[in-house]
Amino acid sequence: SSNTTYFLFVRAVSRTGLATAYVAGGSTVTLPNVPVAAADTFSGLTAGGVAAAWDANSNPAGTRYQALLSTAAPLVLTHAGNVAVATAPQGAPAAAFTGLAANTTYHLFVAAQGHAGALSAYASLGSTATLPSAPASTASTFSAVASGSLTGAWGAGGNPAGTRYDATLSTATPLVETHAGNVAVST
């Protein structure tokens with residue numbers, strides 16, 4: 001079995017069938033299996049975090065895992081965009097990641113850690129994107145106001161460059177998305 005400690009005991013047996021006492025020959029730990037994807041790998045998605053789960057792939061209970069979210073794929077262990085979580089001391093095929101960047105794609109890589117400390121290969125278990133943060137108000141929301149046009153502005157709210165924003169200018173408040181007086185644009 002994977003990630004299991006085995007002990008060797010040996011005895012000598014004479015030609016007539018008489019045996020010596022068993023002598024302990026040492027022990028070793030088999031390597032852990034590489035984790036595999038679970039049916040629902042990602043859950044609890046927010047702008048700054050996500051929970052991830054995977055299948056242990058026959059590794060016994062108590063197996064520890066090294067889980068890593070990376071903004072790079074394929075995996076580069078030294079990439080600055082990596083966020084690592086160890087499932088120690090009590091191993092489980094799941095991890096929670098916090099402190100992530102909003103509206104950013106992360107790739108999940110997981111390795112099982114054997115009882116002797118050896119890591120399996122890292123398995124690539126899919127990717128997800130964190131949710132965007134809400135846009136921020138600015139001191140001067142409107143500029144270049146004329147009788148038939150205006151310019152609206154807002155702050156990124158912590159979202160990276162390339163984030164799409166849907167803006168609706170309405171004559172109704174609160175916003176009713178089906179209101180006839182709405183003008184909508186996407187950036």
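For reference, positions follow the sequence shown, starting with 1.
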Minimum-distance pair of heavy atoms, taken over all atoms of L125 and A37:
CD2-N, 3.4 Å
Where is the tightest heavy-atom contact between A123 and V34, given as atom of each residue plus distance?
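In terms of heavy atoms, the two residues are closest at CB-CG1, 3.5 Å.
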With D166 via side-chain contact (heavy atoms from CB on, under 4.5 Å) - residues at least two apart:
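D166: side-chain contact (heavy atoms from CB on, under 4.5 Å) contacts with R164, S186.
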Quiz question: by atom type and distance under 3.5 Å, do the side chains of [X] and [Y] form a donor-acceptor pair?
X    : Y    : value
S124 : H107 : no
T163 : N103 : yes
T171 : H179 : yes

Test your reading of the model: is there a side-chain donor-acceptor pair from S133 to the backbone of G158, 3.5 Å cut-off?
no
Any sub-3.5 Å donor-acceptor pair from T130's side-chain atoms to A101's backbone N or O?
yes
Connected-component partners of [X] among ILVMFWY, side-chain separation under 4.5 Å:
X    : result
V13  : none
Y165 : W154
F9   : F7, Y22
L8   : V10

Does any part of the side chain of V185, heavy atoms only, come nearer than 4.5 Å to the side chain of T168, both counted from C-beta?
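In short, these two side chains do not touch, never coming nearer than 4.5 Å.
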Would you call L68 and L77 a side-chain contact if the rule is heavy atoms closer than 4.5 Å?
yes
Sequence neighbours excluded, every pair satisfying side chain to side chain donor-acceptor pair (under 3.5 Å) that has a member inside residues 37-60
S2-N59
Between T16 and S14, does a side-chain hydrogen bond (donor to acceptor under 3.5 Å, both in side chains) hold up when you go through it step by step?
CA-CA 5 Å; T16 61; S14 73; 3.0 Å; yes
